[in-house]
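Take a look at the structure below.
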Amino acid sequence: MINEGGAIAAELTGQEPPRPMTHDLLMMVLKSAQMKIERIVVTDLRDNTYFAEIHIEKDGDKTIIDARPSDALAVAVRAKCPMF
């Protein structure tokens with residue numbers, strides 16, 4: 001089983017797993033729904049826990065989804081979107 005760090009490294013080095021990983025699955029679902037990830041924002045650090053948001057756009061409508069930073073970054077490298 002590959003953790004989020006491994007998922008980020010695999011994407012950055014061009015490794016393709018034999019089956020889609022969770023982050024790849026999310027990207028396929030968003031693409032099929034014609035949604036685009038605009039950016040990832042690490043928003044806060046509270047009690048030694050980081051928080052992040054995934055900013056998504058479809059037809060001008062914007063949605064923000066709460067996420068663990070490790071998952072958000074794994075998605076960002078796949079979406080090739082800005083990370084803040």
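Counting begins at 1 with the first residue of the sequence.
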Using a 4.5 Å cut-off on heavy atoms from C-beta on, say whether the side chain of [Y] contacts that of [X].
X     : Y     : value
Ile37 : Met27 : yes
Met35 : Glu57 : no
His23 : Asp71 : yes
Ile40 : Pro82 : no

Practice problem: Considering non-hydrogen atoms only, spot the tightest contact between Val29 and Ser32 and give its length. | Solution: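 Residues Val29 and Ser32, closest heavy atoms: O-OG, 2.9 Å.
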
Exercise. Identify the heavy atoms of Ala72 and Ala67 that sit nearest to each other, and give their distance.
Key: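 That would be CB-CB, 4.2 Å.
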
Connected via hydrophobic side-chain network under 4.5 Å: [X] and [Y]:
X     : Y     : value
Phe51 : Val42 : no
Leu73 : Leu30 : yes
Val41 : Ile56 : no
Met83 : Ile65 : yes

Quiz prompt | Asp66 side, atom CG; Ile54 side, atom CD1 - distance, nearest 0.5 Å | solution =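 Between atom CG of Asp66 and atom CD1 of Ile54 there are 9.0 Å.
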
Quiz item: When rounded to the nearest 0.5 angstrom, what distance separates CD in Glu38 from NZ in Lys58?
Solution: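 Going from the CD atom of Glu38 to the NZ atom of Lys58 covers 14.0 Å.
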
Exercise. Answer with yes or no whether the side chains of Arg39 and His55 bring together a donor and an acceptor at under 3.5 Å.
Key: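 There is such a pair (donor and acceptor under 3.5 Å, judged by atom type) between the side chains of His55 and Arg39.
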
Quiz item: Does NZ or CZ of Arg68 fall inside the cone over Tyr50's six-membered ring, less than 6.0 Å from its centre and within 45° of the axis?
Solution: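 No.
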
Quiz prompt | Heavy atoms of other groups near Lys36 NZ, more than 12 under 6.0 Å | solution =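 No, the 6.0 Å shell around NZ holds no more than 12 heavy atoms from other groups.
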
